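Notes follow once the structure below has been shown.
This chain uses plain numbering: 1 for the first residue, then up along the sequence. The structure presented is a predicted model; accordingly, all values stated were derived computationally and were not measured.
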Amino acid sequence: MAKIVCGFLLMLAMTYAIQLVSAGGEGSLRPEQCPGACDYRCSATQYRKACLTYCNLCCNKCLCVPSGTYGHKEECPCYNDWKTKKGGPKCP
């Protein structure tokens, strides 16, 4: 019975780790992966140059870019919580 419980807990932990990495969790990227991730993140905006500048700045600090072209910032708390001096979001 103990082996079954340990196996279940191990599978649960592995599932959580895989979800964190595949969802773009913090620290899931290396600095050289930031330009590609930001290129996709900023692909749907009309303010591409500014988006790429700030996305790369945020990615290099947080080593994370949220999935998709908009939203999903909860995947990267560092990326989500970094604010401008006026309190607005710094990262696109």
Side-chain angles (χ1 to χ4, degrees):
M1 181 69 173
K3 288 182 181 181
I4 294 172
V5 172
C6 286
F8 177 76
L9 291 175
L10 181 62
M11 276 190 358
L12 191 63
M14 288 175 56
T15 302
Y16 177 75
I18 290 169
Q19 285 178 342
L20 191 62
V21 170
S22 66
E26 270 186 49
S28 65
L29 295 177
R30 293 185 310 272
E32 61 270 11
Q33 293 175 309
C34 288
C38 288
D39 192 45
Y40 177 71
R41 178 77 176 169
C42 297
S43 64
T45 183
Q46 61 183 354
Y47 304 105
R48 187 168 172 79
K49 186 175 179 182
C51 181
L52 285 171
T53 299
Y54 287 105
C55 180
N56 278 293
L57 183 71
C58 295
C59 181
N60 283 312
K61 178 183 177 188
C62 302
L63 297 177
C64 178
V65 174
S67 61
T69 58
Y70 184 78
H72 306 288
K73 289 185 179 182
E74 67 279 354
E75 295 172 357
C76 304
C78 169
Y79 192 99
N80 187 38
D81 296 340
W82 199 9
K83 305 293 183 198
T84 64
K85 290 179 184 177
K86 293 182 178 181
K90 184 150 193 127
C91 306

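Nearest heavy atoms, Ser67 versus His72: O-CD2, 3.2 Å.
Taking NZ of Lys73 as the start and CG of Asp81 as the end, the distance is 10.0 Å to the nearest 0.5 Å. Of the inter-residue distances, the one linking Glu75 atom CD with Ser28 atom OG reads 9.0 Å to the nearest 0.5 angstrom. Here the straight-line distance linking atom OH of Tyr79 with atom SG of Cys62 works out to 8.5 Å at 0.5 Å rounding.
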(message) For a disulfide bond (SG atoms under 2.5 Å apart) check, start with the C-alpha distance between Cys38 and Cys59, then their side-chain angles and the critical distance, and finish with the verdict.
(response) CA-CA 8 Å; Cys38 288; Cys59 181; 4.9 Å; no
(request) Under the disulfide bond (SG atoms under 2.5 Å apart) rule, what do Cys64 and Cys78 come out as? Steps first, then yes or no, please. (result) CA-CA 8 Å; Cys64 178; Cys78 169; over 6 Å; no
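Scanning for salt bridge (charged side-chain N to carboxylate O under 4.0 Å, His left out) contacts around Glu74 gives an empty result, with sequence neighbours left out. Listed by chain and residue number, Tyr40, Ser43, Ala44 satisfy the side-chain contact (heavy atoms from CB on, under 4.5 Å) test with Thr69 (two or more places apart in sequence, or in another chain). Scanning for side-chain contact (heavy atoms from CB on, under 4.5 Å) contacts around Pro31 gives Asn60, Leu63, with sequence neighbours left out. Annotation: salt bridge (charged side-chain N to carboxylate O under 4.0 Å, His left out) contacts of Asp39 (sequence neighbours excluded): Arg48.
For the pair Val65 and Cys76, the minimum side-chain heavy-atom distance is 4.5 Å or more.
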Atom pairs and distances, side-chain donor-acceptor, residues 85-92, under 3.5 Å, sequence neighbours left out:
none

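The other residues sharing a hydrophobic cluster with Tyr54 are Leu57, Trp82, where clustering joins ILVMFWY side chains under 4.5 Å apart.
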